[in-house]
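Structure, as structure tokens:
Quick note: numbers below take in every heavy atom, side chains included, and nothing from hydrogens, waters or symmetry partners. Convention: sequence-line order gives letters A, B, ...; per-chain numbering from 1.
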Protein chains: 2
Amino acid sequence: MKVLIVEDDPLHRSYLHEAVCSALPECETVIEAENGIAGEQFARDHKTAHIVMDLQMTGRNGIEAARTIWKERPDTRILFWSNYSDEAYVRGVSRIVPDGAAYGYVLKSASDERLKLALRSIFVESQCVIDREVRGLQQKSIGHPNSFTDSEYEILVDIALGLTDRAIAKRRNLSLRSVQNRLQHLYDKLDVYQTSPEDRLDSQFNLRARAVAVALLRKLLNYSALERAEAELQDWLNDQP
Amino acid sequence: MKVLIVEDDPLHRSYLHEAVCSALPECETVIEAENGIAGEQFARDHKTAHIVMDLQMTGRNGIEAARTIWKERPDTRILFWSNYSDEAYVRGVSRIVPDGAAYGYVLKSASDERLKLALRSIFVESQCVIDREVRGLQQKSIGHPNSFTDSEYEILVDIALGLTDRAIAKRRNLSLRSVQNRLQHLYDKLDVYQTSPEDRLDSQFNLRARAVAVALLRKLLNYSALERAEAELQDWLNDQP
DNA sequence: TCGCGTCCTGCGTAAACCCGCATCCGCTTG
DNA sequence: CAAGCGGATGCGGGTTTACGCAGGACGCGA
């Protein structure tokens, strides 16, 4: 078995290396990549079917790297090993995992034991292993009334990028009013009206900007999500007349 | 000599511990705190004058912790040891360092050697040691035409929080028009008009939201800065009629 | 088949935003 | 001292948002 480690922090990388060797004695080769670009390259060159990947790396982050890797070979098994369980990450990951692929999401704060168990489960047994905390987010993010639908999330990203209503309408093929309609829903769910102080303070907030702020504070959005969205936006802009 | 380490990642913490011991043989006690709150507490209890501190910790981050520590004893020597050189962090740090205090800012990507040298320079020689890359940012952020004044930065934070022009005016004791004036400067400097494709007739962007987006993408703002600003905002809101 | 809920859409209005033009003030410079 | 410069403020108006009201389309269980 060959395992590829993609992780930009040297300390974490060597820790992972050790964990992999001890959890998977049958693994004869461990390759280390220190960023997403190199990770993609190594995955291609070495045809590795087993990857441990950090999210949040500078340059190309884990989600982007995983997406291209999975696009080239959807049966790759990837264990995401991250410091955070931001909803933005969780959503980003579940958006790209191919049907039937075995993958995992383990937090760096998890114990040694847990990490090794996850390594075996995913790489040997082809099981999905999702950290309980992350699982909780995934659950909540479907079904629960106070969660966000894809369309609401989409429009959240669009206003976070700074698009006007009109531009969003054009991009998403909607009417102006529909965009505003969706915004309405978003504002409601994000509880952006600051009604907390009992009486009316004439809403001190610019709803649009406030929505972005609370989304960031709640980790519904993070830098990495913004970065990806910005790249997509630029692509789209270049295709416009 | 006593040294306090404030760092939430266990691997980094033990690495630091080792580095401190080897760089400072005269150090007889090393205390470890795994978050900002504990860090403040230990600093108070043990009256440590030498601290190595991570920025970006969950809960109370390094900048907040450092501020309260320095408020209690301004002669504390603090070495900030961070993964990032975001302008938001650099600005946040230089905003709180007391006059004449010895401090340092070293990136985690720096070599072992560099870290140990910094430890000695700051804790023994009371020298300031600022990573070259960070230094560069500091330089650029004063004087250079394409940099941000404090007032522009202030208003950037305010719109990022989602305040309306009127609310900002009230909070900063300005007239409405002055706020918009400052916004104007901000928009100019952030180059928010997307003039890149030759003739963008009706700019697709909501300037206010776009300004926040590019500030985030350029690391002029980050989560930690937003978090701090939000806390201050809530304080201010509670003081309002 | 009929409601019913959810989403899209148009119309219209009040408020907020963006910003050019112009004045005033305090501070630097020759 | 006069000129100049950058920031604060007023005025005015064109544009964009926020959102209530009111239809219309589509799917779904009774």
Point to revise | Length of the line joining B/R182:CZ and D/dG6:C1', which is rounded to integer Å | key: 12 Å
Check your understanding: Could you give the CD1-to-P distance, from A/I168 to C/dC8, as a whole number of Å?
Key -> 13 Å
Check your understanding: If you count the non-hydrogen atoms of other residues, nucleotides and ligands that lie under 6.0 Å from CZ in A/R44, is the total more than 12?
Key -> yes
Practice item. Would you check if A/L183 and A/I155 make a side-chain contact, meaning some heavy-atom pair closer than 4.5 Å? Key: yes
Review point. Roughly how many Å is it from CG in B/N181 to P in D/dG12, rounded to a whole number?
Key: 18 Å
**Study point:** Whole-Å distance separating the CD atom of A/E152 from the C1' atom of C/dT6
**Key:** 12 Å
Exercise for review: Grab the CG-C1' distance between B/D188 and D/dG6 for me, whole Å please.
Suggested key: 14 Å
Check your understanding: Is B/R114 salt-bridged to B/D131, going by a charged N under 4.0 Å from an acidic O?
Key -> yes
Exercise for review: Indicate whether any N or O donor in one side chain lies under 3.5 Å from an N or O acceptor in the other, for A/Q184 and A/N181.
Suggested key: no
Practice item. Provide, to the nearest angstrom, the distance between the NE2 atom belonging to A/H185 and the C1' atom belonging to C/dC7. Key: 7 Å
Check your understanding: Below 4.5 Å, heavy atoms only, C-beta onward: do B/F205 and A/L163 meet side chain to side chain?
Key -> yes
**Study point:** Separation of atom CG in B/L174 from atom C1' in C/dC24, rounded to whole Å
**Key:** 16 Å
Using atom names, set out every protein N or O paired with an N or O of nucleotides 25-29 of chain D below 3.5 Å, distance rounded to 0.1 Å.
none

Exercise for review: Without swapping roles, check the side chain of A/W70 against the backbone of A/V97 for a donor-acceptor pair under 3.5 Å.
Suggested key: no
Practice item. Please confirm whether the backbone N or O of B/L161 pairs with a side-chain atom of A/R210, one donor and one acceptor, at under 3.5 Å? Key: yes
Review point. Would you say a side-chain N or O of B/S178 is under 4.0 Å from OP1 or OP2 of D/dG7?
Key: no
Check your understanding: A/D99: what forms a salt bridge (charged side-chain N to carboxylate O under 4.0 Å, His left out) with it, not counting sequence neighbours?
Key -> none
Kindly give the atom pairs (protein nitrogen or oxygen, nucleotide nitrogen or oxygen) under 3.5 Å for nucleotides 17-20 of chain C.
unit_1, atom_1, unit_2, atom_2, d
C/dC17, OP1, B/D165, N, 3.4
C/dC17, OP2, B/D165, N, 3.3
C/dC18, OP1, B/Y187, OH, 3.1
C/dC18, OP1, B/R208, N, 3.4
C/dC18, OP2, B/Y187, OH, 3.4
C/dC19, OP2, B/Q184, NE2, 3.1
C/dC19, O5', B/Q184, NE2, 3.4
C/dC19, N4, B/Q180, OE1, 2.9
C/dG20, N7, B/R177, NH2, 3.4
C/dG20, O6, B/R177, NE, 2.8
C/dG20, O6, B/R177, NH2, 2.6

Check your understanding: To the nearest Å, how far apart are A/I155 CD1 and C/dC8 C1'?
Key -> 12 Å
Check your understanding: Less than 4.0 Å between a side-chain N and a carboxylate O, is that true for A/R91 and A/D150?
Key -> yes
